[in-house]
Amino acid sequence: MVEASETHTGWTFLTSHARVLAAIAEDRRTRIRDIAVRCRLTERAVQKIISDLEEDGYLTHTREGRTNAYRIQPGTILRHPAEAGMTVDGLLSALAQQDARRDTPVAVPRERDSDSAR
């Protein structure tokens with residue numbers, strides 16, 4: 001199960017719909033419970049968001065045993081006029097690149113020992 005790192009109150013830049021879509025993009029067989037924990041939402045809210053995404057053609061699902069397997073429709077255009085022409089795939093790629101940069105350890109230059117430099 002995925003753990004949520006810290007709590008947050010107030011507004012954020014990404015909508016809950018974008019967060020749920022990103023969670024599904026990371027693991028297409030993820031459980032609603034795990035998405036809820038990761039996105040800090042209720043399971044009911046995640047179910048509603050998934051329903052919204054499916055209704056508008058951003059996502060489909062198939063039953064695989066006792067779980068759902070989701071499929072994101074990557075070429076679907078984002079809804080807001082300000083993102084005209086941007087696809088779901090473009091959004092998810094940008095988020096994935098940011099996650100990769102965040103998760104990559106930054107090499108910190110070591111200070112030279114002043115005694116050995118002499």
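Throughout, residue positions are numbered sequentially from 1 according to the sequence presented.
Contacts classified as salt bridge (charged side-chain N to carboxylate O under 4.0 Å, His left out) and involving residues 62-78 (residues at least two apart or in different chains) are given here: Arg28-Glu64, Arg29-Glu64. Within the structure, the salt bridge (charged side-chain N to carboxylate O under 4.0 Å, His left out) test picks out the following pairs touching residues 79-97 (sequence neighbours left out): Asp56-Arg79.
Leu14 and Ile72 fall within the same hydrophobic cluster, defined by Ile, Leu, Val, Met, Phe, Trp and Tyr side-chain heavy atoms under 4.5 Å apart, directly or through other members.
The side-chain heavy atoms of Met86 and Leu91, taken from C-beta on, include a pair separated by under 4.5 Å. Looking only at side-chain heavy atoms (C-beta outward), Leu59 and Ile24 come within less than 4.5 Å of each other. A heavy-atom distance below 4.5 Å is not found between the side chains of Asp34 and Asp27.
Judged as a salt bridge (charged side-chain N to carboxylate O under 4.0 Å, His left out), and not counting sequence neighbours, Glu54 has no contacts. Not counting sequence neighbours, the partners of Thr76 by the side chain to side chain contact (heavy atoms under 4.5 Å, CB included) test are Tyr58, Gln73, Val88.
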Contacts table for residues 43-50: side-chain donor-acceptor under 3.5 angstrom, sequence neighbours left out:
unit_1: Arg44; atom_1: NH1; unit_2: Gln47; atom_2: OE1; d: 3.4
unit_1: Lys48; atom_1: NZ; unit_2: Asp52; atom_2: OD1; d: 2.7

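Note that CG of Leu21 is 9.0 Å distant from CG of Leu78, once rounded to the nearest 0.5 Å.
Contact record, Ala25 with Leu92: CB-CD1, 3.9 Å, taken as the closest heavy-atom pair. For the residue pair Leu41 and Ser16, the shortest heavy atom distance occurs at CD2-OG, 3.6 Å. Heavy atoms only, all atoms of each residue included: Tyr70 and Thr30 are closest at CE1-O, 3.8 Å.
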**OP:** Could you check Arg38 against Arg19 for side-chain contact (heavy atoms from CB on, under 4.5 Å), going step by step and ending with a plain yes or no?
**Re:** CA-CA 9 Å; Arg38 175 181 173 166; Arg19 284 191 172 87; over 6 Å; no
